[in-house]
> 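My questions will all concern the structure given below.
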Amino acid sequence: MSDIVPPEVRPKPAVPAKPPNVGAPSPSSPFPPQGLGVGGGGISAPPPSAIPVPIGSHGGSHSVGHGIGHSVSHAGSHAAPHSGGHGHGGSHSSSGGSTLLGYIGIDTIIEQMRKKTMKTGFDFNIMVVGHSGLGKSTLVNTLFKSQVSRRSAGWARDEKIPKTVEIKAVSHVIEEGGVKMKLTVVDTPGFGDQINNDNCWEPISKYINEQYEKFLKEEVNITRKKRIPDTRVHCCLYFISPTGHSLRQLDTEFMKRLSHSVNIIPVIAKADTLTIEERQEFKQRVRKELEMSGIEFYPQKEFDDDMEDKSDNDKIREAMPFAVVGSDKEYQVNGKPVLGRKTAWGIVEVENPNHCEFAQLRDFLIRSHLQDLKEVTHNIHYETYRAKRLNENGGLHPISSADTQESNL
């Protein structure tokens, strides 16, 4: 009987001891810890999906000890062992970004922009349109909590109502939390106050286009200013009379003619003259009439950038036109000072959402969409005017600084 030879048993290779400083990064090091392995240099390859890919790289990068293989920026990830200890791995996120090996400082760009804009300040130009007695000036003063508008009262007895629409612009610099803003309020006294209001929107349309023309001439100068003064109208608050019935023909005609050259935001003035039921019915009727007339008010649907913007703007469009009450007088309510209008049956609180929609208008106009109003003005309305002017004249000729000074006078 032949002897049975047992199979050869090979001893397991000895695992080298873990160095004391490997596996945990030093407090000052921004790099991740490295593990142990059998490759040259004693550093093993991390999983392919965890290998950081340099931004913009398409090829691969070799490590010192052949433990870390290529990092290829292709879609998907795979690991295929090769002779010599090489490994291939590629990871690609859906956004095209890559994991950074350490802190760079990209996140400070926002702070840099903030500091720069804090130095230069902001411009915001708002126009108010509506016939006399609707509280236009009072509402603007309430919005910015300061006396920024032309007046906060009606016409005096000895003061004549203008026979034509006048344009009066008043500028103020207001500051809050270290942020300075040059606010220009453009009033339109005389609008809708005549027996014959034919073409009473033409002076307003002319003023809006004049501001576009002024900005365009500054742009085509050979030696342009470092910062072109912006007098373009960023927003037009159109005040609707609280009749409770329907829009006037003048309301419809004005918004239809100017909706393509300025951001129009319709508001129902002196909403405290309507009951809650009357207010809701009037708002629905106004929205329906605007839709039937093909009038697009801000924010326009075609300017929604993404689904998040569309969702937010849809809620705003459903709430418009805002039914508002303005007042620059304070009263004590439950021991607290509030802005309001005192009536025989109580105080209408301006900033109370149960009384009116002033707070919604303020948040929309100042706290969430102020910058977007400026961007739509520049990128849509101004660009439309600019393209039209350049096509008409075959391009504007550069003008000298002397001509610019004359145009500013």
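Values below: all heavy atoms of this structure, side chains included; hydrogens, waters and symmetry mates excluded. This structure is a prediction, so every number in the text was calculated from the model and none was measured.
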> Do D251 and K256 sit within salt-bridge range, that is, some charged N less than 4.0 Å from a carboxylate O?
no
> So, R248 and E253, do they make that salt bridge, N to O below 4.0 Å?
no
> Taking D314 first and then K310, would you say they form a salt bridge - that is, a charged N and a carboxylate O separated by under 4.0 Å?
yes
> Less than 4.0 angstrom from a charged side-chain N to a carboxylate O is my criterion; do K283 and E357 meet it?
yes
> When you measure from the centre of the six-membered ring of Y382, is the NZ or CZ of R232 under 6.0 Å away and within 45° of the axis?
yes
> Are K225 and E218 within salt-bridge range, i.e. N to O under 4.0 Å?
yes
> Compile the donor-acceptor pairs under 3.5 Å between side chains in residues 174-185 and protein atoms, sequence neighbours left out, one pair per line.
| unit_1 | atom_1 | unit_2 | atom_2 | d |
| --- | --- | --- | --- | --- |
| T184 | OG1 | N125 | OD1 | 3.3 |
| T184 | OG1 | S171 | OG | 2.8 |

> Please name all residues satisfying ring pair (Phe, Tyr, Trp, His ring centres under 6.0 Å) with F358, sequence neighbours left out, ordered by chain then number.
none
> Looking at G133 and K270, what are the two nearest heavy atoms and their distance?
O-NZ, 2.9 Å
> Is the shortest distance from a Lys or Arg side-chain nitrogen in E202 or R257 to a carboxylate oxygen in the other one below 4.0 Å?
no
> Any Lys/Arg nitrogen of D230 or K214 sitting under 4.0 Å from an Asp/Glu carboxylate oxygen of the other?
no
> Indicate yes or no: does K315 engage E318 in a salt bridge with an N to O separation below 4.0 Å.
no
> If you measure from CD1 on I109 to CD1 on I106, what distance do you get to the nearest 0.5 Å?
6.5 Å
> Could you report the tightest heavy-atom contact between C200 and F191, atom names first, then the distance?
SG-CE1, 3.5 Å
> If the threshold is 4.0 Å, N to carboxylate O, is there a salt bridge linking R114 and E111?
yes
> Holding to side chain to side chain contact (heavy atoms under 4.5 Å, CB included), I want the full list of residues that pass it with K342, two or more places apart in sequence or in another chain.
Y331, I347
